[in-house]
Each structure stands twice: as C-alpha cells, then as structure tokens.
Amino acid sequence: MATTISIADIANYEGQEVTLQGWLYNKTGKGKLQFLKVRDGTGIVQCVAFKKEMPEEAFEVARRIPQETSLLLTGMVRKDERAPGFPGGYEIGITQLDVIQEAEEYPIGHKEHGVEFLMENRHLWVRSPRQWAILRIRATVIRAVRDWLDDHGYLLVDTPILSSSAGENSTDLFEIDYFGQPAYLAQTGQLYNEANMAAFGKVYCFGPTFRAERSKTRRHLIEFWMVEPEMAFFSLEDLMDAEEAFVMYIIQQVLEKHRPELEMIGRDLGPLESIAAPFARISYDEAVERLNALAAETDDPERKSLLEIEWGTDFGSPHETAIAEMFDQPVFVYHYPTACKAFYMQPVEGRPEVCRSVDLLAPEGYGEITGGSERIFDLDLLQRRIQEIGIDPENYKWYLELRRFGGVPHAGFGMGIERTVAWICGLPHIRETIPYARMLTHLTP
RNA sequence: UCCUGGAUAGCUCAACGGCAGAGCAACCGGCUGUUAACCGGUAGGUUGCAGGUUCGAAUCCUGCUCCAGGAGCCA
C-alpha cells in the first residue's frame, strides 16, 4: 500500500510510489497518453496516464472522466521540468485510478467567465486556482495579524456581535428582533475594547462587522472582517508607530510565505517589496493643501472639481486615491476635522476643530485600510460631545462610566482585512478577498 | 438613493431593420508529452419580461426586472 501524500509535499517522494486523493482539475489527452491535472487542496500536480503502464479499465476511466471528478490514484513520482502545477516540476505516472464520484458537467470551465456567473457559483469558484491562492493569502494575513498582536503584548478579548445600541452612530445598522426588543449587528467592537483595555492594557478584537450601507463599489462589503486593537496609555504617535510595524509584518509574512501565489494571481511584486517603514505622515491640513495645489495644475475640469476640497469636509474616494498616489508607501493622514469623525475622538490641544485621529491610506489606489484615534478620556468632555452631536447619553451609560473609574489616555484603530488583502494581492475588486462576499446584491451562496 | 453601461446557446461573445452565428463546455471519432492541446463530426435558442412601431424586430420606441461600474458613506 503506497503512502497517501499531499501535493504540497510531493518533492519529498521522488522515485516513490504514492497515493493521491483529490479532484480532476483539468485534462488534456493525446490518444494513448492522457494528462490529468489533479488538485487535492494543497496544490496541483500533473498525473500521466499511459495506456501501456496501467490496467486497461483504469486507462479508460482516465480517458472518460470529466473535470472535478473526485478520485483516488496511485503512481510513481518523478521529476520533470515540463510538468505544470503547484508547486510544479513533478508528475505522477499513474498505475491505478479509481473514481470516487464522477462529476456532472462542471459549469466553470477554463475560459473567461462573467462576474455575475462566477458569484452565483462562488461555492465552486473557490476551487479555481486564482481564488484558491487569494484565500490562502487571506488566511496568512489573518494569522500575521494575530501573531503580531499576540507577540507584542496584546490580548485577544472578544466583543459581542449583538448589541442593544449603536456603536458609533445609529445609521446603517442591521436591526434584528431580540426576543421582542430591537438589537443590532455590530459595526465595531471599539466601545467594548475601551472597557477591555482598562482590564488588560493592550487588547484587540477580531471578527465580522456589519454595515447596512447601500454601497456598490469595489471597496465595500456588507459583512467584513475587522481587527481592532485598543491600547491604554497610547498617544496618536504611539498608534502610528504600532500600525506601521504591524502592517510591515503582515506584508513580510505574505511575501515570505506566498511568493508563488502572488505570482499565480499576477501581482506585480515590485511595489509590494519596496514597502518600508517609516511611512509618510501628513496632516489633514497638508493633505487639503496638496489636493488643491494638484487641482490648480490640473487642466481637465472634471478631474479638477473632483480634486478640489474645502477645508473641513471629509475626503471622498477620489481625494484618498490622489493623496495615496503622491507616495510609494502607505501614508498616514492625521488630525482630521472633528466634525468629520466620531464623537469619541480626542480634540487637539488648543485646536478643538481638529482631532487626534489618523487614517492609513494604502498605495496603488486602494484607499483607507486603517482608521484610528486617541479617545476622549475626560468624562465632562465626552458628555459634552455626546450632547453636541445629539445622541442619547442613556445608550452610552456604561461607556461613560469607564471615565469615572481610572480613565487614562488611550488609542486604538481598526483595520479592514478584505481591503488589506485586496491591496496586497493587487485585486481589482474586494469580493474576491472573502470566501462568500455579502454585498448589496449577493446573499447566496 | 443618484449617474452611466449592459442582458442573445451551459459559458464568453458576434449579428445592429431582412435566413440567429462562432469559440469553449457536452457527445462521437483520431492522435505517445499535453500546458486554455490539436484535428474531424454531432447536438444545443421563448434573443431578460410585457407592450408598441413595422410587410418584417435580437436590432427601433415605452415600461418593468435583474446585473455591472461609479458617486455618496465607510474599513
């Protein structure tokens, strides 16, 4: 009985007889010689069925079976430069072949398909090499996130997904029936993080978040995964230092572990490899100046009006892209107008119209991947802010109470996993960065 | 919610007022090194839905449905 192996480990079995269990990915034939590309979840290997080297009925099976048939095969591993696959360079000379389930006509062929069709068949699309590579990179991004935080003194403290009131504001929340009273799906774990940081110092939560926004762009999901670290005694500058190291680690891990996958999906590695700390840091004031300067020297009136910005308004997507394009590195933009940001952000000393907030914009037009700030820790100030923006203090009772029992300066940020993966993989659309994207028009599969 | 574009064979598309077609997939046959194999053959259609104009509509008009991209909002 031959050893059952994973394709990823095939190089260790050269010259040995092995068993493989997997699915037929593709087949090309030439009469008495059939090339079966088989995948097993860890990789793809070319298996060669040659009529003279195997039982007659097994060869007939090799000739007949369609794409995605599940199978069990045995054969000799040999090195061959011509053999395609992942990792490639090895192939298996089949001596025995058994079908587990012969597939019906498989909808996803090896030609191009439209977005609508692929999304309807997402449960099958995840098998395609490109999607397979992207989702493996996603898993590594998530692991790098967890490892870096765990290794730097942050404790994972989970925050609830169901809650009785809004996190930051009451719009774009999914409301559900919670035994007769309204409840909402979390759009952030941040308020709970602030309670947890006072217990554990440095904490983070990681999980799905929900935004009921009718957004229809390549950067938006209704359900997306966010990691949110929150740190006691952190200033805005500490926050930027941490984010910088954190993002660098994630990129290094992906480059180290997934070079073949990145090449497989056609990612230009140059811009990614050249990412290095320190990242640029500019103030909102400077960003507005730079945008208006750029608009001034732009001839195209349409683009000009997209770039022009009045101080005090938040950046639109064209602004973010334009700022990011001014740098080869990710760029921090800090001290946004207080009016544009959440109520709990700490105003700048002596200049309350701006706050101690910072967004990190990814290069190559990928926009905002993190957003964070120093939080208000003074009770009176926070109460005043709640009153100013007109939300019900009753909903923030426990949150306010954190400021009664040892309030300290603290800061935190949130990073969108899917946007980060989209940037690292160089993808045109965020829908490929999550196994089953929830979007305005996609709830199935 | 708004703006723009689209819907034709299982898939990707062509035909743009005059016989609805190709490639891939499927099926049959050939081929000992294929890389989206190739070669020959077969089958495959309520042209998104409803109405209108016309001798004649996939094509022009009206309404609707669905999809995509973008804006706003955000990570």
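First the proteins, then the strands, lettered A, B, ... as listed; each starts at 1.
The aromatic rings of Tyr396(A) and Tyr399(A) sit perpendicular, their planes meeting at an angle over 60°, well past the 30° parallel limit.
Rounded to whole Å, atom P of C66(B) lies 15 Å from atom CG of Leu443(A). In this structure, the CD1 atom of Ile108(A) is 14 Å from the P atom of A26(B), given to the nearest Å. Taking atom CD on Glu243(A) and atom P on A75(B), their separation rounds to 12 Å, with Å as the unit. The nearest whole Å value for the distance from the OH atom in Tyr336(A) to the C1' atom in C74(B) is 12 Å. Straight-line distance from the CZ atom of Arg63(A) to the C1' atom of U34(B): 15 Å, rounded to whole Å. Counting to the nearest Å, the P atom of A25(B) and the NZ atom of Lys27(A) are 11 Å from each other. Going from atom CG of Asn121(A) over to atom C1' of A25(B) covers 14 Å, rounded to whole Å.
With 3.5 Å as the limit, one finds a donor-acceptor pair spanning the side chains of Glu243(A) and Thr370(A). With hydrogens and angles left out, the side-chain atoms of Tyr204(A) and Asp150(A) include a donor and acceptor closer than 3.5 Å. Side chain to side chain, Asp40(A) and Thr42(A) meet the donor-acceptor criterion of an N or O pair below 3.5 Å. With 3.5 Å as the limit, one finds a donor-acceptor pair spanning the side chains of His258(A) and Thr140(A).
Neither OP1 nor OP2 of A75(B) sits under 4.0 Å from any side-chain N or O of Thr209(A). OP1 or OP2 of A71(B) lies within a sub-4.0 Å distance of a side-chain N or O belonging to Arg219(A).
Of the residues in residues 41-53 of chain A, those placing a heavy atom less than 4.0 Å from an atom of RNA chain B are Gln46(A), Phe50(A), Lys52(A), in numerical order. If you check residues 71-92 of chain A against RNA chain B, the residues with a heavy atom closer than 4.0 Å are Arg78(A), Asp80(A), Arg82(A), Pro84(A), Glu91(A), listed by number. Contacts of residues 327-334 of chain A with RNA chain B (heavy atom under 4.0 Å): none.
In this structure, Tyr106(A) forms no aromatic stack with the base of A25(B), since the conditions of centre separation below 5.5 Å and plane angle below 30° are not both met.
Judged by closest nucleotide on RNA chain B, His429(A) is the one of Ile369(A) and His429(A) placed further toward the 5' end. Both His220(A) and Ser317(A) lie close to RNA chain B; mapped to their nearest nucleotides by heavy-atom distance, the more 5′-ward contact belongs to Ser317(A).
Annotation: Phe315(A) is in aromatic contact with Tyr336(A) [ring centroid separation under 6.0 Å].
Rounding to the nearest 0.5 angstrom, the gap separating the CD1 atom in Ile430(A) from the NE2 atom in His220(A) is 8.5 Å. Remark: Tyr154(A) OH to Lys202(A) NZ distance equals 5.0 Å, nearest 0.5 Å. For the atom pair Leu97(A) CG and Arg63(A) CZ, the distance stands at 13.5 Å (nearest 0.5 Å). Note that the CD atom of Glu418(A) and the CD1 atom of Ile369(A) stand 12.5 Å from one another [nearest 0.5 Å]. The structure places OG of Ser163(A) at 4.0 Å from OH of Tyr192(A), a figure rounded to the nearest 0.5 Å.
Within the structure, every pair that satisfies the salt bridge (charged side-chain N to carboxylate O under 4.0 Å, His left out) test and touches residues 103-127 of chain A, not counting sequence neighbours, is listed here: Glu68(A)-Arg127(A). Listed by first then second residue, pairs satisfying salt bridge (charged side-chain N to carboxylate O under 4.0 Å, His left out) with a partner in residues 435-445 of chain A number zero, not counting sequence neighbours. Sequence neighbours left out, the pairs with a member in residues 356-371 of chain A that pass salt bridge (charged side-chain N to carboxylate O under 4.0 Å, His left out) are Glu237(A)-Arg356(A), Arg267(A)-Glu364(A), Lys341(A)-Asp359(A), Arg356(A)-Glu374(A).
For Glu213(A), there are no salt bridge (charged side-chain N to carboxylate O under 4.0 Å, His left out) partners at least two apart in sequence or on another chain. For Trp225(A), the ring pair (Phe, Tyr, Trp, His ring centres under 6.0 Å) test picks out Phe206(A), with sequence neighbours left out. With sequence neighbours excluded, the residues that form a salt bridge (charged side-chain N to carboxylate O under 4.0 Å, His left out) with Arg130(A) are Glu432(A).
Between A58(B) and G18(B), the two C1' atoms lie 13 Å apart (nearest whole Å). Of the P atoms belonging to A9(B) and C28(B), the separation is 25 Å, rounded to the nearest Å. Using P as the reference atom, A57(B) and U42(B) are 31 Å apart when rounded to the nearest Å. Taking atom P on both nucleotides, U62(B) is separated from A15(B) by 22 Å, rounded to a whole Å. Distance check on atom C1': A20(B) versus G56(B) gives 15 Å, rounded to whole Å.
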Would you list the atom pairs, donor with acceptor, under 3.5 Å between side chains in residues 86-96 of chain A and any protein atom, with sequence neighbours excluded?
| from | atom 1 | to | atom 2 | distance (Å) |
| --- | --- | --- | --- | --- |
| Glu91(A) | OE1 | Gln46(A) | NE2 | 3.1 |
| Glu91(A) | OE2 | Arg78(A) | NE | 2.9 |
| Glu91(A) | OE2 | Arg78(A) | NH2 | 3.2 |
| Thr95(A) | OG1 | Thr74(A) | O | 3.1 |

List, with names and distances, any nitrogen or oxygen atoms from the protein found under 3.5 Å away from nitrogen or oxygen atoms belonging to nucleotides 3-14 of chain B.
| from | atom 1 | to | atom 2 | distance (Å) |
| --- | --- | --- | --- | --- |
| C11(B) | O2' | His113(A) | ND1 | 2.4 |
| U12(B) | OP1 | Gly114(A) | N | 2.9 |
| U12(B) | O4' | Glu112(A) | O | 3.4 |

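Thr217(A) comes within 4.0 angstrom of a base, heavy atoms only. Residue contacts for Arg64(A): at a heavy-atom cut-off of 4.0 Å it reaches no nucleic acid atom on any strand shown. Residue Lys32(A) is classed as a sugar-phosphate contact, given heavy-atom separations below 4.0 Å to backbone atoms only. Residue contacts shown for Thr370(A) are limited to sugar-phosphate atoms, with no base heavy atom under 4.0 Å away. Using a 4.0 Å heavy-atom criterion, one finds that Leu221(A) contacts the bases of the nucleic acid, with or without backbone contacts as well.
Side-chain proximity of Pro318(A) to A71(B), C73(B), A36(B): nearest is A71(B). Side chain of His442(A), nearest nucleotide from G33(B), A68(B), G72(B): A68(B). For His110(A), the listed nucleotide lying nearest its side chain is A36(B); candidates were U32(B), A36(B), A75(B).
Stem analysis of RNA chain B (Watson-Crick or G-U pairs, both distances under 3.5 Å, runs of at least three) returns B:1-7 with B:65-71, B:10-13 with B:21-24, B:26-30 with B:38-42, B:48-52 with B:60-64.
Salt bridge absent: Arg211(A) and Glu223(A) never bring a charged side-chain N and a carboxylate O closer than 4.0 Å.
A donor-acceptor contact under 3.5 Å links the side chain of Arg419(A) to the base of C74(B). The base of C73(B) lies close enough to the side chain of Ser215(A) for a donor and an acceptor atom to sit less than 3.5 Å apart.
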